[in-house]
K.L.:
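I'd like to ask you about the structure that follows.
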Amino acid sequence: MSEESRIKEEIGWYKVAFAILMATCISLLAWLVENYAIAKPVILVLCWITIVVVIAIIVLINRKVFKKLDRLEEL
């Protein structure tokens with residue numbers, strides 16, 4: 001497998017992870033909006049922490065994909 005094909009395959013996997021994490025983040029935000037009045041404060045805090053962590057991972061994946069695209073452009 002050439003390096004170009006390997007990089008394209010990695011980008012494909014990153015896209016899958018990115019989509020799953022985006023759906024997770026949106027779902028958590030939707031749950032938070034729907035249940036903020038009835039949920040226990042501990043659960044709300046954990047939900048916010050989870051949202052922040054998921055967003056951080058999304059940003060990291062985005063950076064990795066752009067680095068891979070730059071590398072692919074060099075080939």
Side-chain angles (χ1 to χ4, degrees):
M1 179 182 285
S2 68
E3 186 175 359
E4 181 180 340
S5 297
R6 187 181 57 78
I7 291 173
K8 286 181 181 179
E9 190 67 28
E10 284 182 42
I11 290 172
W13 279 108
Y14 283 134
K15 287 187 331 187
V16 171
F18 183 84
I20 291 170
L21 289 169
M22 285 297 293
T24 302
C25 187
I26 291 168
S27 298
L28 284 169
L29 284 169
W31 180 89
L32 191 63
V33 167
E34 288 183 14
N35 297 302
Y36 73 93
I38 59 173
K40 294 180 181 179
V42 173
I43 293 177
L44 293 175
V45 170
L46 289 174
C47 187
W48 275 112
I49 291 170
T50 306
I51 290 169
V52 169
V53 169
V54 169
I55 289 173
I57 295 170
I58 288 170
V59 169
L60 290 174
I61 287 175
N62 195 28
R63 287 183 182 174
K64 282 190 173 197
V65 167
F66 278 110
K67 284 181 184 178
K68 295 288 181 184
L69 287 173
D70 288 341
R71 177 69 181 127
L72 192 59
E73 204 173 82
E74 292 172 3
L75 295 178

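In this chain, numbering begins with 1 at the start of the sequence shown.
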K.L.:
Please enumerate all residues that pass side-chain contact (heavy atoms from CB on, under 4.5 Å) together with Leu29, with sequence neighbours excluded.
P.N.:
Cys25, Ile51
K.L.:
Run the salt-bridge test on Glu9 and Arg6 with the 4.0 Å N-O cut-off and return the result as yes or no.
P.N.:
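No salt bridge links Glu9 with Arg6.
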K.L.:
Hydrophobic clusters join Ile, Leu, Val, Met, Phe, Trp and Tyr when side-chain heavy atoms are under 4.5 Å apart, directly or via other members; which others share one with Trp13?
P.N.:
none
K.L.:
Considering only heavy atoms from C-beta outward, does the side chain of Glu10 approach that of Lys64 to under 4.5 Å?
P.N.:
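A side-chain contact is absent here, since even the closest heavy-atom pair is not under 4.5 Å.
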K.L.:
By salt bridge (charged side-chain N to carboxylate O under 4.0 Å, His left out), which residues pair with Glu73, not counting sequence neighbours?
P.N.:
none
K.L.:
Side-chain donor-acceptor pairs under 3.5 Å in residues 31-41, sequence neighbours left out?
P.N.:
residue	atom	partner	partner atom	Å
Asn35	ND2	Trp31	O	3.1

K.L.:
Among residues at least two apart in sequence or on other chains, which ones pass side chain to side chain donor-acceptor pair (under 3.5 Å) with Lys8?
P.N.:
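Scan of Lys8 (side chain to side chain donor-acceptor pair (under 3.5 Å), adjacent residues dropped) gives Glu4.
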K.L.:
May I ask you to list the residues sharing a hydrophobic cluster with Leu75, side-chain cutoff 4.5 Å, ordered by chain and number?
P.N.:
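Leu75 shares its hydrophobic cluster with Ile7, Ile11, Tyr14, Phe18, Leu21, Met22, Val45, Ile49, Val53, Val54, Ile57, Ile58, Ile61, Val65, Phe66, Leu69, Leu72.
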K.L.:
For the atom pair CD1 (Ile55) and CG (Leu60), what is the distance rounded to the nearest 0.5 Å?
P.N.:
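Ile55 CD1 to Leu60 CG: 12.0 Å, rounded to 0.5 Å.
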